[in-house]
Participant: 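One structure, as structure tokens, below. Some questions next.
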Number of protein chains: 2
Amino acid sequence: MAATLSDVAARAGVSIKTVSNVVNGTGRVGAETRDRVERVIEELGYRPNVSARNLRHGRSGVIALAVPEIGNPYFAELAELVVKAAEGYGWTVLIDQTDADPDRERLVLQGIRSHLIDGLLFVPGRLSADDFAARTDTTPMVLLGERLTRVADRVAIDSYAAARAATEHLIDLGRTRIAAVGATPSGDAVSRGRYEGYHDALVAAGHRPSARLVVPQRRWRHESGVEAVGRLLALSRPPDALFCSNDLLALGALRALHDHGVRVPDDVAVVGIDDIAESRFSRPSLTSVAPDKRHIAETAVGLLADRLKGSFSSAPREFIAGFHLEVRESTEG
Amino acid sequence: MAATLSDVAARAGVSIKTVSNVVNGTGRVGAETRDRVERVIEELGYRPNVSARNLRHGRSGVIALAVPEIGNPYFAELAELVVKAAEGYGWTVLIDQTDADPDRERLVLQGIRSHLIDGLLFVPGRLSADDFAARTDTTPMVLLGERLTRVADRVAIDSYAAARAATEHLIDLGRTRIAAVGATPSGDAVSRGRYEGYHDALVAAGHRPSARLVVPQRRWRHESGVEAVGRLLALSRPPDALFCSNDLLALGALRALHDHGVRVPDDVAVVGIDDIAESRFSRPSLTSVAPDKRHIAETAVGLLADRLKGSFSSAPREFIAGFHLEVRESTEG
DNA sequence: ACCGCGCGGTACAACGTTGTACCAAGAACT
DNA sequence: AGTTCTTGGTACAACGTTGTACCGCGCGGT
């Protein structure tokens with residue numbers, strides 16, 4: 001049985017509160033008493049009960065990070081940075097996986113582990129602004145990802161700008177039949193943003209967007225990239241460049257292009273978004289829009305810290321993190 | 001302010017305990033009363049306070065998974081499966097990252113979040129058996145990974161057998177100068193196991209192991225694989241096959257081999273261990289030892305459940321999960 | 001001798017839940 | 001009519017902590 005304050009107190013011949021004071025460095029305790037208590041703590045291997053503490057002052061020291069899937073390297077890398085940033089505040093991070101399932105996401109919003117977590121970092125997938133409006137849980141929340149309306153603090157790169165930059169890069173290479181893999185105008189906010197960036201870049205450059213070159217995918221993973229390439233190469237006039245909505249799609253596409261005997265970047269150039277580690281080592285290495293992940297993680301955790309320090313009522317704030325294009329073999333020949 | 005049981009009770013004109021009974025489905029409550037209470041709960045948006053609950057029955061519903069780095073796809077994939085398995089028991093998973101830093105690992109062992117977590121799944125990196133012997137925290141623990149001594153329940157694949165199978169595959173291909181990348185006889189248990197499997201496979205096949213062909217790496221990631229290949233190709237008699245201790249090393253190696261103009265598998269065959277998603281889509285795709293990750297995750301969580309159900313005192317149990325070799329382009333030409 | 005004060009420490013209540021013990025009122029037996 | 005049982009509900013204590021209020025003691029100054 002784990003030792004409690006009163007076990008220690010009894011053994012040291014002092015009151016419970018004195019032990020508590022020693023543990024927390026509060027109140028006034030004589031040097032001699034302190035020594036004695038500390039010895040007993042050591043002896044009994046006493047550790048404070050976090051639940052009781054939380055109950056007392058309503059804080060748990062735990063924040064949650066809810067992502068669609070932790071198996072996706074982008075989210076895994078982000079999680080790693082969030083954990084590091086949270087450490088600086090003495091917080092532990094609880095990772096929740098929503099599978100981009102609306103029901104599970106709604107549960108997260110409603111505070112499934114309410115009172116266990118002090119704050120929530122949420123990467124929403126398929127939720128609508130209405131869902132957020134219906135939120136009753138009051139746990140401070142910071143959104144990572146796209147705008148839904150000004151519903152909470154938010155940190156993200158500008159998906160539209162990122163997609164546009166990626167597409168413009170392809171245009172600058174002289175490509176004219178540029179396909180979009182993944183994003184769709186009728187999808188969630190991220191999907192829409194990336195589609196529109198792609199679309200507007202084409203229009204601004206005087207290209208005529210073609211619906212045939214848009215291959216939406218529900219799940220943005222390797223397999224979907226492979227599948228999209230299969231469809232695009234079957235067209236009578238196949239594309240000469242691919243703008244993929246994330247790196248996994250792009251990496252799957254690279255693999256599939258090779259299998260079809262298409263040369264990259266000679267015949268088809270490819271760009272992705274996320275700049276995951278894997279993209280630096282693929283063959284060919286992948287040109288990708290690199291969001292400043294560290295900045296995103298640190299800002300998000302910092303915003304949460306602010307909210308917890310009291311500014312509950314202030315208006316939602318937005319931070320747009322920077323990005324840059326990492327040009328690699330898949331576009332530069 | 002969040003509503004509590006007594007807020008609901010006051011408003012519904014019943015006792016606190018009755019509300020508690022409605023919430024938990026315990027005790028006997030009349031249909032009419034139940035309806036009324038449920039309406040008030042809805043109205044007030046009442047949610048039970050997990051901390052208080054935990055305090056009451058000494059359980060938190062949270063288990064921790066401590067891994068060296070969540071950014072490594074193998075651990076990310078494992079984490080995903082653990083989360084899923086834990087869900088079946090109503091548990092939430094808290095992910096802790098140790099960075100394979102002995103001090104941080106010791107903290108985990110000593111129950112840094114003691115009383116917050118009901119159980120611990122631990123993937124140790126650099127800790128010794130002594131460290132485990134010195135553990136005073138009594139939180140049930142299941143080890144994922146290599147044997148240290150029979151110090152706790154453990155689930156893992158047999159690293160030795162896996163390494164041996166991988167190496168034998170290379171031998172079967174007729175390769176004679178087989179290098180080992182990553183593992184070292186003087187490393188931690190995993191590293192040692194993989195080295196010995198490699199070594200014994202060579203000896204059993206009548207090959208003479210050469211120290212020059214062993215390139216230990218502290219961190220098993222892409223970059224290290226690249227670096228190792230640089231060193232191996234500088235040898236007067238470079239290898240014709242690479243046994244890499246994990247897939248990240250192998251993928252880095254594939255990339256570096258290509259950069260040096262070496263053909264895979266013609267000139268050099270490559271195998272890895274872990275079978276991460278990425279390995280199915282690399283160029284060439286990577287032959288890898290595939291541990292049964294789902295089985296590992298489910299068994300580990302199940303063992304923890306057993307311990308929590310009361311069998312605290314029983315002797316440590318070991319489960320060896322299966323694996324199979326996924327043969328792909330990096331070895332099969 | 002008295003007051004005031006700093007020091008070291010204690011007692012108690014409260015955080016929100018839930019298990020145990022109990023109770024009142026009506027129904028169903030002998 | 002008296003006894004027992006069932007139903008629906010309540011009161012209280014306890015989980016382990018910590019904030020607030022308080023208390024006794026010795027010391028220095030009047």
Side-chain angles (χ1 to χ4, degrees), chain A residues 1-38 40-41 44-62 90 111 113-118 137-139, chain B residues 1-38 40-41 44-62 90 111 113-118 137-139:
Chain A
M1 206 64 247
T4 72
L5 277 186
S6 69
D7 296 335
V8 177
R11 185 119 162 191
V14 292
S15 78
I16 281 186
K17 186 70 227 264
T18 298
V19 181
S20 167
N21 284 336
V22 170
V23 171
N24 298 286
T26 51
R28 338 197 101 269
V29 183
E32 194 184 340
T33 316
R34 156 164 287 118
D35 280 0
R36 185 155 32 98
V37 170
E38 278 173 348
V40 177
I41 286 179
L44 264 43
Y46 166 77
R47 323 223 118 224
N49 180 320
V50 187
S51 288
R53 238 181 214 179
N54 298 348
L55 178 56
R56 211 31 254 252
H57 39 14
R59 289 281 168 87
S60 65
V62 176
R113 286 279 155 190
S114 167
H115 295 278
L116 203 185
I117 59 169
D118 293 344
D137 190 57
T138 55
T139 309
Chain B
M1 208 63 250
T4 72
L5 277 187
S6 70
D7 296 336
V8 177
R11 184 121 161 189
V14 293
S15 77
I16 280 186
K17 186 69 228 266
T18 299
V19 181
S20 168
N21 284 336
V22 170
V23 171
N24 297 288
T26 51
R28 339 196 101 268
V29 184
E32 193 185 340
T33 316
R34 155 165 288 119
D35 280 1
R36 184 154 34 98
V37 170
E38 277 172 347
V40 177
I41 286 179
L44 265 43
Y46 167 78
R47 323 224 118 224
N49 180 320
V50 187
S51 287
R53 238 181 215 178
N54 298 347
L55 177 57
R56 203 42 248 254
H57 37 15
R59 291 281 168 90
S60 67
V62 176
R113 287 279 155 191
S114 166
H115 293 280
L116 203 184
I117 60 167
D118 293 343
D137 190 57
T138 55
T139 310

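Below, all heavy atoms of this structure are taken into account, side chains as well, without hydrogens, waters or symmetry copies. Just so we're on the same page: letters track the sequence lines, and every chain starts at 1.
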Participant: Could you tell me whether the side chain of A:Glu32 reaches within less than 4.5 Å of the side chain of A:Asp35, counting heavy atoms only?
Facilitator: no

Participant: For a 4.5 angstrom cut-off between non-hydrogen side-chain atoms, does A:Thr4 reach A:Asn49?
Facilitator: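 Answer no - side chains too far apart.
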
Participant: Looking at the side chain of B:Leu5, which of C:dG9, C:dT17, D:dG16 is the nearest nucleotide?
Facilitator: C:dT17

Participant: Testing the basics here: between A:Val40 and A:Ala12, what is the closest heavy-atom pair and its distance to 0.1 Å?
Facilitator: CG2-CB, 3.9 Å

Participant: Where is the tightest heavy-atom contact between B:Arg59 and B:Asn54, given as atom of each residue plus distance?
Facilitator: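 Minimum heavy-atom separation between B:Arg59 and B:Asn54: O-OD1, 2.7 Å.
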
Participant: Looking at B:Asp118 and B:Thr139, what are the two nearest heavy atoms and their distance?
Facilitator: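 Minimum heavy-atom separation between B:Asp118 and B:Thr139: O-CG2, 3.6 Å.
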
Participant: I'd like to know if B:Lys17 reaches the base of D:dG9 with its side chain, counting only an N/O donor and acceptor under 3.5 Å.
Facilitator: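 A donor-acceptor contact between them is absent.
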
Participant: Listed in order of residue number, which residues of residues 24-31 of chain B have a non-hydrogen atom at under 4.0 Å from DNA chain D?
Facilitator: B:Arg28, B:Val29, B:Gly30

Participant: Side chains of B:Tyr46 and B:Val19, heavy atoms from C-beta outward: is any pair under 4.5 Å?
Facilitator: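 No; the side chains remain at least 4.5 Å from each other.
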
Participant: Rounded to whole Å, please give me the gap between CZ in B:Arg34 and C1' in D:dT7.
Facilitator: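 Distance, rounded to whole Å: 13 Å.
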
Participant: Nearest-Å distance, CG (B:Asp35) to P (D:dG9)?
Facilitator: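 Atom CG in B:Asp35 sits about 11 Å away from atom P in D:dG9.
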
Participant: Figure out the CG/C1' separation between B:Asn54 and D:dC15, and round it to whole Å.
Facilitator: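 Result: 11 Å.
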
Participant: Between atom CG in A:Asp7 and atom P in D:dC15, what is the gap in whole Å?
Facilitator: 11 Å

Participant: Examine C:dT18: is either OP1 or OP2 under 4.0 Å from a nitrogen or oxygen in the side chain of B:Ser20? Give yes or no.
Facilitator: yes

Participant: Roughly how many Å is it from CD1 in A:Ile16 to P in C:dC12, rounded to a whole number?
Facilitator: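 Checked: the CD1 to P distance equals 12 Å.
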
Participant: Where is the tightest heavy-atom contact between B:Glu38 and B:Val22, given as atom of each residue plus distance?
Facilitator: CG-CG1, 3.9 Å

Participant: Return whichever of B:His57 or B:Ser15 has its heavy-atom-nearest nucleotide of DNA chain D closer to the 5' end.
Facilitator: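 Here B:Ser15 is the residue nearer the 5' end.
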
Participant: Any base atoms under 4.0 Å from B:Thr4, or only sugar-phosphate, or nothing? Heavy atoms, all strands.
Facilitator: sugar-phosphate

Participant: Roughly, in whole Å, what's the span from CG in A:Leu55 to P in C:dA13?
Facilitator: 17 Å

Participant: In whole angstroms, how far is the P atom of D:dC15 from the CG atom of B:Asn49?
Facilitator: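 Spelled out: CG on B:Asn49 to P on D:dC15 is 18 Å.
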
Participant: Specify the separation, in whole Å, of atom CG of B:Asn21 and atom P of C:dG19.
Facilitator: 9 Å

Participant: Using the closest heavy atom to pick a nucleotide of DNA chain D for each, name whichever of A:Arg56 or B:Ala52 lands nearer the 5' end.
Facilitator: B:Ala52

